[in-house]
Trainee: 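Below is a structure I'd like to ask you about.
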Number of protein chains: 2
Amino acid sequence: MSISERQKEERALRKERILSGALTVFKTKGLDGATMDEIAAESGFGKATLYYYFPSKEDVFCGILDRGWTQLWESLEEDIHSDTGPRETFINILIKIAKKAQQNRNEYEFMFNAPKAISNIDDSDQDWKSYQHQLYAILKGLLDDGISQGQFPKLDSNLMFKAIGGLFVGLIFMGEKNKDITGGDIEKLLNQLITDPTQP
Amino acid sequence: MSISERQKEERALRKERILSGALTVFKTKGLDGATMDEIAAESGFGKATLYYYFPSKEDVFCGILDRGWTQLWESLEEDIHSDTGPRETFINILIKIAKKAQQNRNEYEFMFNAPKAISNIDDSDQDWKSYQHQLYAILKGLLDDGISQGQFPKLDSNLMFKAIGGLFVGLIFMGEKNKDITGGDIEKLLNQLITDPTQP
DNA sequence: CTAAATTTCGACTCAATAGTCGAATATTAA
DNA sequence: TTAATATTCGACTATTGAGTCGAAATTTAG
C-alpha cells in the first residue's frame with residue numbers, strides 16, 4: 001500500500017509549518033543569523049526532523065520563495081489575462097501585489113529582498129525564479145505597450161521600470177508600520193509617477 | 001616623544017586600505033559571507049594586523065559606514081544651507097547624492113542597504129547613524145515645506161518620503177549596470193513624481 | 001496483534017571562522 | 001648604537017552551527 005492522500009496532506013502541512021517557523025526566525029534574526037536549531041524550536045520539531053522534510057537549510061529558504069512566488073503568480077493570472085488596457089492592467093497588478101504584500105509582509109519582504117543576499121552557485125533552475133522572471137516580463141511588456149500607446153510618460157521603459165519598482169518597494173517595505181498605506185495611496189502615487197503631463 | 005603627524009596619517013591610510021578591502025569582499029561575498037581572513041588578504045595584511053587597527057569585525061563594518069556618511073554629510077552642507085527654495089534644494093541634494101552614489105556604487109549600496117542587515121544590540125551611539133538621521137530629517141523638512149508652499153503634490157509627506165526614497169534607491173541600485181542613468185534622468189523622474197498637476 | 005513503514009529527535013561529528021597570543025621585525029628617538 | 005615603541009603575522013583557541021546517525025516512538029496495514 002502506498003502513502004495515502006491524507007498522509008501526503010499532513011506531510012505538506014508539516015512542511016508549511018516549518019516554512020512559517022523559518023520565516024519568523026528569518027525575520028527576527030536575519031538570513032544568516034537564523035539557525036536550523038532555532039527554526040526547529042520555532043516550528044516545534046527537533047532539528048533532525050527538519051532534515052527529514054528538507055535536505056538542507058538552503059532548501060528551506062527556497063521553499064519559502066517557491067511557495068510565495070507560485071501563489072502570487074497564480075493569484076495574478078486572471079488580471080494578467082484580462083483584456084483591459086496596459087495602463088489599467090499594470091496598475092491592477094501592482095495594487096494586488098501590494099495588498100497581498102501587506103497581508104503577508106514578512107513573506108513578501110523575504111521574497112523581494114532575500115534573493116539579493118544569495119551568493120550560492122545558483123545555476124539550478126529554481127521554480128520561483130521563473131515565476132519572478134515571468135512576472136517582471138509581463139510588467140515590462142505592459143509598460144512598453146502603455147508607453148507606445150501614450151498612456152505613460154515617454155521615458156525609457158527600463159528607467160521607468162526601475163523607478164516604479166523602487167517606489168513600490170519603498171512604499172510597502174520602508175519604515176516599520178504598514179497600516180498607513182492604503183491601496184488608494186499606492187494608486188495615487190503610481191498615477192503621479194506614470195501620468196504623462198503632455199497628454200490631456 | 002609622542003606619535004608624529006606623519007605616523008597618524010599613515011595609520012589612517014592603512015585603516016582606509018583595510019576598509020576598501022573590506023568593501024570589496026563585502027560586495028563579492030555578502031555581509032556574512034565575508035571573513036576577516038579574506039578581508040586581510042584583500043587589503044594586503046595578515047589577519048592579526050587587522051585587529052591591531054580595528055577591535056572587531058563589526059568595527060570594520062561601522063568604519064565603512066562612518067566614513068561614508070560623514071563624507072556625504074560634509075559634501076552636502078553647502079546645498080543644505082543654500083537659500084534656494086525647498087523644491088530646488090531638495091532636488092539638488094538628491095541629484096548630488098545620486099552622483100556620488102554612482103561614482104562609488106559599492107560604498108553607497110553598502111551605506112543604504114547594510115544597516116538593515118544588522119541585528120546586533122546596537123544601542124551604541126554610532127556616528128554614522130546621527131548623520132543619516134540628520135540627512136533624512138533635512139530632506140523630510142524640505143518636503144514638508146515644499147508641500148505647504150504648494151511646490152509638491154498635496155500628499156502625506158511620510159508617504160511621499162517613502163515613495164521618493166524608494167524611487168531613488170530603485171533607480172540607482174536596481175539591476176547591474178549603472179551607466180545608463182544620468183543626473184538628468186533622475187531629475188526627470190523626480191520631477192514627474194513631485195510635480196503637482198493641480199498647479200499651473 | 002504484529003511487522004513494516006513512517007516520523008521523531010538528542011547527541012554527535014566536523015568544518016568554518018572570529019578573535020588571541022607571543023614572538024619577530026621595523027621604525028623612531030636619543 | 002641602543003632601547004623603547006610601533007607594526008606585522010602565522011599558528012592557535014574556542015565557539016558556533018550545519019548536517020548525520022542510530023535508535024526510539026508512532027502510525028499503518030493485514
Side-chain angles (χ1 to χ4, degrees), chain A residues 1-26 28-64 114 117-122, chain B residues 1-26 28-64 114 117-122:
Chain A
M1 194 70 310
S2 69
I3 40 176
S4 75
E5 207 53 39
R6 177 183 58 72
Q7 271 173 312
K8 267 189 205 164
E9 275 173 30
E10 284 184 350
R11 195 180 163 83
L13 236 50
R14 278 177 231 127
K15 284 184 120 183
E16 290 284 322
R17 189 178 288 260
I18 292 170
L19 293 184
S20 294
L23 206 47
T24 303
V25 180
F26 283 144
T28 52
K29 302 297 174 90
L31 255 181
D32 297 83
T35 70
M36 286 300 263
D37 287 277
E38 272 175 299
I39 296 172
E42 178 68 34
S43 51
F45 292 99
K47 176 157 78 155
T49 307
L50 258 54
Y51 285 89
Y52 182 68
Y53 289 95
F54 294 92
S56 74
K57 187 182 176 182
E58 191 186 312
D59 285 273
V60 175
F61 176 88
C62 288
I64 297 174
I118 317 180
S119 57
N120 46 12
I121 318 97
D122 194 36
Chain B
M1 196 64 319
S2 69
I3 40 175
S4 75
E5 207 54 38
R6 176 182 60 73
Q7 273 173 310
K8 268 188 205 165
E9 276 172 30
E10 284 184 351
R11 194 179 163 82
L13 238 49
R14 278 178 230 126
K15 284 184 120 183
E16 290 283 323
R17 188 178 289 262
I18 291 170
L19 293 184
S20 294
L23 205 48
T24 303
V25 180
F26 282 144
T28 53
K29 302 297 175 90
L31 255 181
D32 297 82
T35 69
M36 288 299 263
D37 287 276
E38 272 176 298
I39 296 172
E42 178 68 35
S43 52
F45 293 99
K47 176 156 77 153
T49 307
L50 257 54
Y51 285 89
Y52 182 69
Y53 290 96
F54 294 93
S56 75
K57 187 181 175 181
E58 192 185 312
D59 285 272
V60 174
F61 176 88
C62 288
I64 297 174
I118 316 180
S119 57
N120 45 11
I121 320 97
D122 194 37

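Here is how names work: the chains are called A, B, and so on, in the same order as the sequence lines, proteins then strands, and each is numbered from 1.
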Trainee: Rounded to the nearest angstrom, tell me the gap between atom CG in A/L50 and atom P in D/dA18.
Mentor: 10 Å
Trainee: Whole-Å distance between D/dA11 P and B/Y51 OH?
Mentor: 18 Å
Trainee: Looking at B/L19 and B/F54, what are the two nearest heavy atoms and their distance?
Mentor: CD2-CZ, 3.7 Å
Trainee: Tell me every residue that passes side chain to side chain donor-acceptor pair (under 3.5 Å) with A/Y51, counting only those two or more places apart in sequence or in another chain.
Mentor: none
Trainee: What distance do A/L23 atom CG and A/I39 atom CD1 have between them, rounded to the nearest 0.5 Å?
Mentor: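 Here the rounded value is 10.0 Å.
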Trainee: Rounded to the nearest Å, what distance is computed from the CZ atom of residue B/F54 to the P atom of nucleotide C/dT20?
Mentor: 15 Å
Trainee: If I take atom CD in residue A/E10 and atom C1' in nucleotide D/dT26, what distance separates them, rounded to the nearest angstrom?
Mentor: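 That distance rounds to 12 Å.
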Trainee: Got a sec? Which of residues 34-41 of chain A come in under 4.0 Å of DNA chain D, heavy atoms?
Mentor: A/A34, A/T35, A/M36
Trainee: Polar atom pairs between nucleotides 7-10 of chain D and protein, under 3.5 Å, N or O only, would you list them?
Mentor:
{"unit_1": "D/dT7", "atom_1": "OP1", "unit_2": "B/R14", "atom_2": "NH1", "d": "3.4"}
{"unit_1": "D/dT7", "atom_1": "OP2", "unit_2": "B/R11", "atom_2": "NH1", "d": "3.2"}
{"unit_1": "D/dT7", "atom_1": "OP2", "unit_2": "B/Y52", "atom_2": "OH", "d": "2.7"}
{"unit_1": "D/dT8", "atom_1": "OP2", "unit_2": "B/Y53", "atom_2": "OH", "d": "2.7"}
{"unit_1": "D/dC9", "atom_1": "OP2", "unit_2": "B/G46", "atom_2": "N", "d": "2.6"}
{"unit_1": "D/dC9", "atom_1": "OP2", "unit_2": "B/T49", "atom_2": "OG1", "d": "3.2"}

Trainee: Of the non-hydrogen atoms in B/K29 and B/A34, which two are nearest, and what is the gap between them?
Mentor: CB-N, 3.9 Å
Trainee: Can you find a heavy atom in the side chain of B/M36 that is under 4.5 Å from one in the side chain of B/V60?
Mentor: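 With C-beta onward as the side chain, the pair touches.
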Trainee: Between B/E58 (CD) and C/dG19 (C1'), how many Å, whole number?
Mentor: 14 Å
Trainee: Do the side chains of A/V25 and A/S43 get nearer than 4.5 Å, heavy atoms only?
Mentor: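 A side-chain contact is absent here, since even the closest heavy-atom pair is not under 4.5 Å.
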Trainee: Please work out which of the three classes, parallel, tilted or perpendicular, describes the rings of B/Y53 and B/F45, given edges at 30° and 60°.
Mentor: tilted
Trainee: Output the rounded distance in Å from CG (B/D59) to C1' (C/dG19).
Mentor: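 The distance from CG of B/D59 to C1' of C/dG19 comes to 13 Å, rounded to the nearest Å.
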Trainee: Give the rounded distance in Å between these two atoms: NZ of A/K57 and C1' of D/dT16.
Mentor: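 Checked: the NZ to C1' distance equals 11 Å.
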Trainee: Take a 6.0 Å sphere around CZ of B/R17 and say whether it holds more than 12 heavy atoms from other residues, nucleotides or ligands.
Mentor: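 Open.
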